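Note that this is a predicted model, so its numbers are computed, not measured. Just the heavy atoms: all of them, side chains too, but no hydrogens, waters or symmetry mates, feed the values below. Below, chain A is the first sequence line, B the second, and so on; all start at residue 1.
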2 protein chains.
Amino acid sequence: MATARTSAGAAPGRGRRAGRSAGDDRELAILTTAERLLRQRTFAEISIDDLARGAGISRPTFYFYFPSKDAVLLTLLDRVTEEADAAAGDVLDHLAEDPRARWRELISRFHATFGGHRAVVLACAEVRGTNVEVRRLWARVLERWVQAVEAAIVAERRRGAAPPGLPARDLAIALNSMNERVWYATFAGDGPAVAERDVVDVLLDVWLTGIYRTTSPG
Amino acid sequence: MATARTSAGAAPGRGRRAGRSAGDDRELAILTTAERLLRQRTFAEISIDDLARGAGISRPTFYFYFPSKDAVLLTLLDRVTEEADAAAGDVLDHLAEDPRARWRELISRFHATFGGHRAVVLACAEVRGTNVEVRRLWARVLERWVQAVEAAIVAERRRGAAPPGLPARDLAIALNSMNERVWYATFAGDGPAVAERDVVDVLLDVWLTGIYRTTSPG
DNA sequence: ACGTCCGTCAACACCCTGTCGAGATCGCTC
DNA sequence: GAGCGATCTCGACAGGGTGTTGACGGACGT
């Protein structure tokens, strides 16, 4: 039980006495061990014992820091999505300046963030089917991005840059979904996939034609 | 190890003496039990014992018919993709008659097939991360569809109906990927999703704009 | 009647998860 | 610098799932 150690939602490591403690180091050690191991094996192939040993503690002690293996991944995912949010910034507020360049910037930054943590992204895709918490967190994050894109599409239509068409929300969902799946295939490298160096431009083209009916919107 | 009972790839139930035998019934019973249970719980929540009891046999006997729980799902997936292939038929050979109507027919038929077996589809998405065989089978199937769509795009460009643009294969990958992910969200019902009655039209519009730059190609 | 497959299952060995309770250790106060 | 509560640690256990082994019954051709 311990304190509110589940994190994922706020700055982790809160709820204990102010300063740095040995416990914080251990928690971090578990996290970094997880991300390291994820670069070598599947999430399913990693046992709690692996995580514990990698962090220099015993298996029962692991449970002091995280309630389960999935909770570790959840924390990792939380960090990545925060990083992605920060990277995206407010590009969508400046679409009018140069639509194509701005949309490209958005997609490109997401690509860079996910690509930098592909092990975590792949692992999350792996457990999304079984783990409710990961599913919910991802749903929440995606919802935010969908709403941002939806608003941007509405704004582009209002200023006459984009023609009317599909409900903006549906279009935003479809485009975001496409990106997710295409990135997954590219990073996982199995099945038909777009080459990593082309993926941003491919996605961009489908976004632009979907929103503007042209790949060079004015 | 019994005979070549893994199936998934050819007509299942071959490799034993000609006529119907009790074993074929059992094998079928396992399959139908799996699809039934999948409508109620997650794949991970179903144990081999559940499958065996549902089929009226003991757990060790299950192993006589299938090497693992995943192999059952693989057989199920094989059937669904065969059904989808059959449903798709040769619509893509008649695009010139009425592009919008034909593309819509293609998407709509896939939608109907997957929607009719959403439990299996969802379960496959769940294990794709962990199971190599499911991953490979899905990759093979997807590759076929991608190639068919790629060829259709090339043909449409050649006859002047579609403008040049992205490499046809990359476009085909992106569009197929989008469909997969959007359907998944719609069927799973979690996270931002397109309403089931709208999903075909939403996907169609993105396909048409991506391929023709218009939603009403001539 | 007799071997030989097909089909069946009780029992076993194994691995992984999650929990409990008994300690060690840390940081603070008096 | 002794004492105390919170933090931290782990050995040992219980439970549930998987996959395998070895022995047993029945159908079928000869």
* **side-chain contact (heavy atoms from CB on, under 4.5 Å) against Glu143(B), all qualifying residues, sequence neighbours excluded** => Pro192(A), Gln147(B), Arg169(B)
Round to the nearest Å and state the distance from [X] atom [atom1] to [N] atom [atom2].
{"X": "Asp70(B)", "N": "dG17(D)", "atom1": "CG", "atom2": "C1'", "result": "14 Å"}
{"X": "Glu27(A)", "N": "dT7(D)", "atom1": "CD", "atom2": "P", "result": "14 Å"}
{"X": "Phe66(B)", "N": "dG7(C)", "atom1": "CZ", "atom2": "C1'", "result": "15 Å"}
{"X": "Tyr65(B)", "N": "dC6(C)", "atom1": "OH", "atom2": "P", "result": "11 Å"}
{"X": "Ile30(A)", "N": "dC8(D)", "atom1": "CD1", "atom2": "C1'", "result": "12 Å"}
{"X": "Ile48(B)", "N": "dT18(D)", "atom1": "CD1", "atom2": "P", "result": "5 Å"}
{"X": "Lys69(A)", "N": "dG18(C)", "atom1": "NZ", "atom2": "P", "result": "9 Å"}

* Compare the minimum distances between each of dG19(D), dG17(D), dG7(C) and the side chain of Phe64(B), then state the nucleotide with the smallest one. => dG7(C)
Set of salt bridge (charged side-chain N to carboxylate O under 4.0 Å, His left out) partners for [X], sequence neighbours left out:
{"X": "Glu156(B)", "answer": "Arg159(B)"}
{"X": "Asp70(B)", "answer": "none"}
{"X": "Glu45(A)", "answer": "none"}
{"X": "Arg59(A)", "answer": "none"}

* To do: Kindly state which residues belonging to residues 49-62 of chain B come within less than 4.0 angstrom of DNA chain C, counting heavy atoms of the residue only, listed by number.
  => Ile57(B), Ser58(B), Pro60(B), Thr61(B)
* Qualifying residue for side chain to side chain contact (heavy atoms under 4.5 Å, CB included) with Leu171(A), from Val206(B), Thr209(B), Val202(B) -> Val206(B)
